[in-house]
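Chain letters run A, B, ... following the sequence lines, proteins first and then strands; every chain starts at 1.
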Amino acid sequence: MSTNSELAEILRGIADLLDLQGERFKPAAYRRAAQSIDSLPDDVRQMSARGELRTIPGVGDAIAEKIREYLRDGHIPYYERLSQEVPAGVRELMRLPGVGPKTARRFLTEFGIQGPAELAAAIDAGKLEGAAGFKERKIAQLKQAVAAGTPSGVRTPLKDAWQVAEDLVRALRANAPVEQIVVAGSLRRRRETVGDLDILVTSGSAEAVFNAFSALPGVVEIRLRGPTKETVIVRGGLQVDLRVVEPASFGAALQYFTGSKEHNVAIRTRARDLGLKINEYGVVRGEERVAGVTEEEVYGAIGLRYIPPEIRENLGEIELAEKGTLPALVEPHELHGDLHVHLSPDAGPEEVDRLRQEAVELGWSFLGFVTTHPPGTLAKSALDRIEHWRQVKASGPRVLLGQEASFGAAVGAATAEYTITNLTGVSRPPTGAPTSASRPLFAGHLGVATAASAATVEGLTTWIKWAGKAHIGLEVGPRGAGDGLDSAGVRQTITAGIPIHITAGVTGPADHLRDQLIALGLARRGWATADRTLNRTLPGAA
DNA sequence: GCCGTTTTCGGCCCGACTGTTTTCAGTCG
């Protein structure tokens with residue numbers, strides 16, 4: 001874990017403990033600081049060294065001092081003091097659905113319950129019965145929550161959540177009377193991981209939509225259902241919120257449920273300062289409704305340009321939207337190909353054709369298959385098929401053959417048109433430029449390869465410097481840090497002036513070129529612009 | 001604890017849903 005995420009974790013811990021003590025505003029302050037630090041495109045240690053801690057949104061004198069304590073001593077006395085006052089299990093209680101700080105506190109003070117196991121025992125012994133606020137239904141709910149175990153807080157990787165969302169949207173379109181339908185939330189912001197799905201629809205009949213939704217085969221549990229909202233759990237454990245809104249409110253609702261929370265708080269505060277009020281139904285001045293149908297309208301009403309969902313994190317985007325100087329993020333139509341397409345070793349010619357056909361449908365102008373070096377890992381029939389398409393002067397994408405060489409290895413295949421460096425297993429960059437005669441276009445497998453170093457912000461800094469010296473790009477794929485840059489890494493890379501390659505991450509028959517859209521989302525989240533993207537032109541043609 | 005083109009003090013986004021209430025607290029997002 002990087003210093004940034006360790007520190008954010010501790011600040012969140014402080015927030016939980018303050019919550020339990022009944023503090024009103026401090027918990028939110030610590031959480032805001034934690035969130036800022038988590039999404040910081042820079043290493044907090046370096047920022048501290050430069051005296052820039054106070055420039056982090058939500059970090060004031062008190063929290064800055066605690067950060068410095070942590071960086072210097074490895075611990076924060078304030079956190080340790082708070083921790084001693086509350087048994088460790090009580091924080092776990094707070095994570096049970098339906099249990100917040102107030103209830104967890106009551107468990108401790110009224111019943112001496114110090115953790116989930118003790119809560120289960122107390123329920124079985126009937127100790128909660130008769131206590132104010134704990135009737136049959138509440139106790140049953142608690143019992144179920146404890147039995148299900150503390151939610152691990154695990155978030156679903158974007159690529160997996162994307163698939164679930166696509167399936168749900170398709171099923172709803174087919175089975176429910178929906179008009180507009182959009183997946184909002186962190187998936188729309190293209191976060192690397194997604195906690196739950198937020199689906200927004202307009203419809204003539206909310207009831208019919210909910211009935212159809214509840215009956216979908218993937219739905220395993222209905223958590224709650226009201227007139228405008230239903231929450232379910234789908235197979236695999238992902239929570240899905242479905243909301244039905246009026247068309248006149250669709251833009252406002254989309255804006256609101258896309259978040260992030262930090263972005264929305266800043267937006268609403270700005271609205272209030274302008275004498276307006278924003279909620280999920282629209283923007284109103286007094287009784288008069290001034291916006292709500294589209295997101296553009298909502299942002300326009302408070303004097304801002306439209307802000308792309310991927311960068312709504314209150315990390316400077318609002319100020320730029322006000323000045324009209326937001327960067328133009330790279331768009332899908334600006335990606336004309338992918339240079340990092342792998343075939344599995346047993347892939348035959350039909351697999352080459354399938355991928356080429358997908359590239360045709362995507363309107364791409366080039367498609368780069370990559371062999372590992374030495375190239376013996378590909379079946380000859382597949383190589384022959386690639387060669388066939390390379391020779392054909394048909395319409396459709398130009399098919400290329402590249403090679404992927406282990407870092408530092410001599411590259412030899414004369415037929416390869418370009419080279420990618422594979423960083424698997426390389427823990428840190430060498431000094432100096434790449435040694436191979438033919439310079440690689442970009443470095444792939446950065447995340448897997450160098451999990452120990454590149455996964456941390458400070459580790460990535462050294463890779464970015466190396467890429468700059470070597471004049472090569474770095475890669476972002478649909479799996480984020482699992483295979484390449486994550487969005488914070490993209491932002492750091494782009495800021496340093498290093499180009500990126502956006503790949504679909506195809507390695508076998510189950511993968512699709514359209515997954516490049518997922519990687520594109522991560523790139524946009526990292527403020528990537530088209531002029532820093534290697535997928536715009538054929539290699540060598542720039 | 002943070003923050004400020006109406007403030008260095010006095011605010012702090014806002015609504016839905018649930019379960020327990022006869023008017024609301026707690027939780028959640």
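- Between A:Asn279 and B:dG15, a side-chain N or O to OP1/OP2 separation shorter than 4.0 Å is present.
- Here the separation of B:dC2 from B:dT7, taken at their C1' atoms, is 14 Å to the nearest Å.
- Once the 5.5 Å centre distance and the 30° plane angle are applied, the aromatic ring of A:Phe25 is found not to be stacked with the base of B:dC2.
- Taking 4.5 Å as the limit, some side-chain heavy atom of A:Ile502 sits within range of a side-chain heavy atom of A:Gln516.
- At B:dC17, one or more side-chain N or O atoms of A:Thr228 fall inside 4.0 Å of OP1 or OP2 (strictly under the cut-off).
- Counting to the nearest Å, the P atom of B:dC14 and the CD atom of A:Gln255 are 13 Å from each other.
- A:Lys261 comes within 4.0 angstrom of a base, heavy atoms only.
- Partner assigned to B:dC12 is B:dG1, using Watson-Crick or G-U wobble distances below 3.5 angstrom.
- Under the 4.0 Å criterion applied to side-chain N and carboxylate O atoms, A:Arg155 and A:Glu192 are not assigned as salt-bridge partners.
- Rounded to a whole Å, the CD atom of A:Gln21 is 11 Å from the P atom of B:dG1.
- Heavy atoms of A:Pro101 sit under 4.0 angstrom from primed sugar atoms or phosphate atoms, though from no base atom.
- Using a 4.0 Å cut-off between a side-chain N of Lys or Arg and a carboxylate O of Asp or Glu, A:Asp61 and A:Arg54 qualify as a salt bridge.
- On the P atoms, B:dA16 is 26 Å away from B:dG11, given to the nearest whole Å.
- Comparing the C1' positions of B:dC13 and B:dT20 gives an interatomic distance of 26 Å, to the nearest angstrom.
- Computed from coordinates, the A:Glu136 CD to B:dT21 P distance equals 13 Å when rounded to whole Å.
- Considering only side-chain atoms of A:Gln141, the nucleotide from B:dG19, B:dC3, B:dG29 that sits closest is B:dG19.
- For the P atoms, the distance from B:dG1 to B:dT5 is 23 Å, rounded to whole Å.
- With respect to A:Lys102 and A:Asp19, no salt bridge is recorded, no charged nitrogen being found less than 4.0 Å from a carboxylate O.
- Between A:Val265 and A:Lys135, it is A:Val265 whose nearest contact on DNA chain B lies nearer the 5' terminus.
- Counting only heavy atoms from C-beta on, A:Tyr30 has its side chain closest to B:dG1 among B:dT20, B:dG1, B:dC17.
- Atom C1' of nucleotide B:dT20 and atom CG of A:Leu142 are separated by 13 Å, given to the nearest angstrom.
- In the model, A:Ser260 has no side-chain atom that pairs as donor or acceptor with a side-chain atom of A:Arg312 under 3.5 Å.
- For A:Tyr281, no side-chain nitrogen or oxygen approaches OP1 or OP2 of B:dC13 to under 4.0 Å.
- Remark: P of B:dG29 and CZ of A:Arg243 are 10 Å apart, rounded to the nearest angstrom.
- With hydrogens and angles left out, the side-chain atoms of A:His263 and A:Glu317 include a donor and acceptor closer than 3.5 Å.
- A:Tyr256 comes within 4.0 angstrom of a base, heavy atoms only.
- When heavy atoms are screened at a 4.0 angstrom cut-off, A:Lys229 is found touching the sugar-phosphate backbone but no base atom.
- Across all strands, A:Arg225 comes closer than 4.0 Å only to sugar-phosphate atoms, never to a base (heavy-atom distances).
- Which of B:dC17, B:dC13, B:dC3 sits closest to the side chain of A:Thr269 comes down to B:dC13.
- Place A:Phe257 and A:Ile139 on DNA chain B by their nearest nucleotides, and A:Ile139 ends up nearer the 5' end.
- Straight-line distance from the CD1 atom of A:Ile56 to the P atom of B:dC2: 12 Å, rounded to whole Å.
- Distance check on atom C1': B:dT27 versus B:dT21 gives 16 Å, rounded to whole Å.
- Within the nucleic acid shown, A:Thr103 comes within 4.0 Å of sugar-phosphate atoms alone, with no base atom in reach, counting heavy atoms only.
- When the side-chain nitrogen and oxygen atoms of A:Lys102 are compared with OP1 and OP2 of B:dC28, none of them lie within a distance under 4.0 Å.
- As judged by a 4.0 angstrom heavy-atom cut-off over every strand, A:Glu23 is placed among residues making no nucleic acid contact.
- Side-chain polar atoms of A:Gln255 and A:Tyr299 form a donor-acceptor pair below 3.5 angstrom.
- Here B:dT7 is in the syn range [glycosidic angle within 90° of 0].
- Distance check on atom C1': B:dT23 versus B:dT18 gives 15 Å, rounded to whole Å.
- Between B:dC14 and A:Arg268, no contact under 4.0 Å exists linking OP1 or OP2 to a side-chain N or O.
- The CG atom of A:Asp19 sits 18 Å away from the P atom of B:dA25 (whole-angstrom rounding).
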